[in-house]
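Only this structure's heavy atoms are used, side chains among them; waters, hydrogens and symmetry mates stay out.
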Amino acid sequence: HTKTAPLPTYDEVLVCTPNTEEEEVELIVRRAFSPDSQNQKIYCLLGADKLVYKVSKQLEYHFFRLLQSSTVLDYRFIILCNAKAQNSYVFTAFHTYKVTVPCYSKTDIQAYLSTHLKVPHGTAPAAQAFKEPYQQNVKFIYSNQAGMGR
């Protein structure tokens with residue numbers, strides 16, 4: 001809810017796919033409940049509804065086991081699921097923790113990202129390859145045909 005909060009770092013986010021393995025899920029849950037997690041990091045599972053059944057069951061197991069045994073009371077762990085995936089195991093297992101996220105406009109999201117994705121002064125970003133007035137750390141390139149070198 002704050003425009004000054006930083007974006008998550010690579011170790012805070014796990015983007016889930018059907019190929020995500022149990023070890024990856026267990027690792028991020030352990031990070032969330034570790035004593036070092038109290039340094040204001042927010043650990044996230046993005047697209048957790050895409051996890052296969054076996055990995056989803058292990059997520060539930062590791063989460064509740066660590067919740068009961070951990071001394072960390074102010075953990076920060078977010079599981080993001082597609083609202084249309086209500087029949088996924090993760091959605092069902094964590095339903096009691098469900099919170100509806102406020103919708104932000106495309107303009108608000110773009111403004112937030114443009115302030116957080118700027119390249120620090122004195123750095124040569126890969127974005128210099130693009131002829132745009134602003135330099136950013138991230139560039140998304142889409143192609144209608146895969147493998148066409150675009």
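- The cluster map of Ile, Leu, Val, Met, Phe, Trp and Tyr, joined by side-chain heavy atoms under 4.5 Å apart, puts L66 and Y43 in the same cluster.
- Side-chain contact between V29 and F77: present, with at least one pair of heavy atoms (C-beta onward) separated by less than 4.5 Å.
- Counting only heavy atoms from C-beta outward, the side chains of L80 and L45 never approach each other to under 4.5 Å.
- When the side chains of ILVMFWY residues are joined at heavy-atom separations under 4.5 Å, either directly or via intervening members, V13 and I42 end up in a single hydrophobic cluster.
- Side chains of L46 and C16 form no contact here, defined as non-hydrogen atoms less than 4.5 Å apart.
- T9 and D11 form a side-chain donor-acceptor contact under 3.5 Å, judged by distance and modelled atom types alone.
- A 4.5 Å side-chain heavy-atom check between E12 and R31 finds every atom pair outside the cut-off.
- Proximity of the aromatic rings of Y89 and Y53 is defined here by a centroid distance below 6.0 angstrom, and this criterion is met.
- Note that NZ of K84 is 13.0 Å distant from CZ of F91, once rounded to the nearest 0.5 Å.
- Taking hydrophobic clusters as Ile, Leu, Val, Met, Phe, Trp and Tyr residues chained together by side-chain heavy-atom distances below 4.5 Å, V15 does not share a cluster with L59.
- Sorted by first then second residue, the salt bridge (Lys or Arg N to Asp or Glu O under 4.0 Å) pairs that include residues 48-69, not counting sequence neighbours, number zero.
- Of all heavy-atom pairs spanning I79 and A48, the tightest one is CG2-CB, 3.4 Å.
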query: Given the rule in the ring-ring contact (aromatic ring centres under 6.0 Å, His included) test, do F94 and F64 qualify, once you have shown the distances and angles that lead to the verdict?
result: CA-CA 10 Å; F94 293 94; F64 288 108; 5.6 Å; yes
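- Checked against the 6.0 Å centroid threshold, Y104 and Y112 do not count as a close aromatic pair.
- Residues N87 and T92 have side chains not in contact (no heavy-atom distance under 4.5 Å, counting atoms from C-beta outward).
- The aromatic rings of Y75 and F33 sit tilted, their planes meeting at an angle between 30° and 60°.
- With hydrogens and angles ignored, the 3.5 Å screen pairs no side-chain donor or acceptor of S70 with any backbone N or O of L67.
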field: Worked verdict on E21 versus V55 for side-chain contact (heavy atoms from CB on, under 4.5 Å)
entry: CA-CA 7 Å; E21 297 180 5; V55 176; 5.8 Å; no
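- By the 4.5 Å heavy-atom criterion applied to side chains, H62 and V25 are not counted as neighbours.
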Worked verdict on V90 versus C81 for side-chain contact (heavy atoms from CB on, under 4.5 Å): CA-CA 8 Å; V90 172; C81 292; 3.9 Å; yes
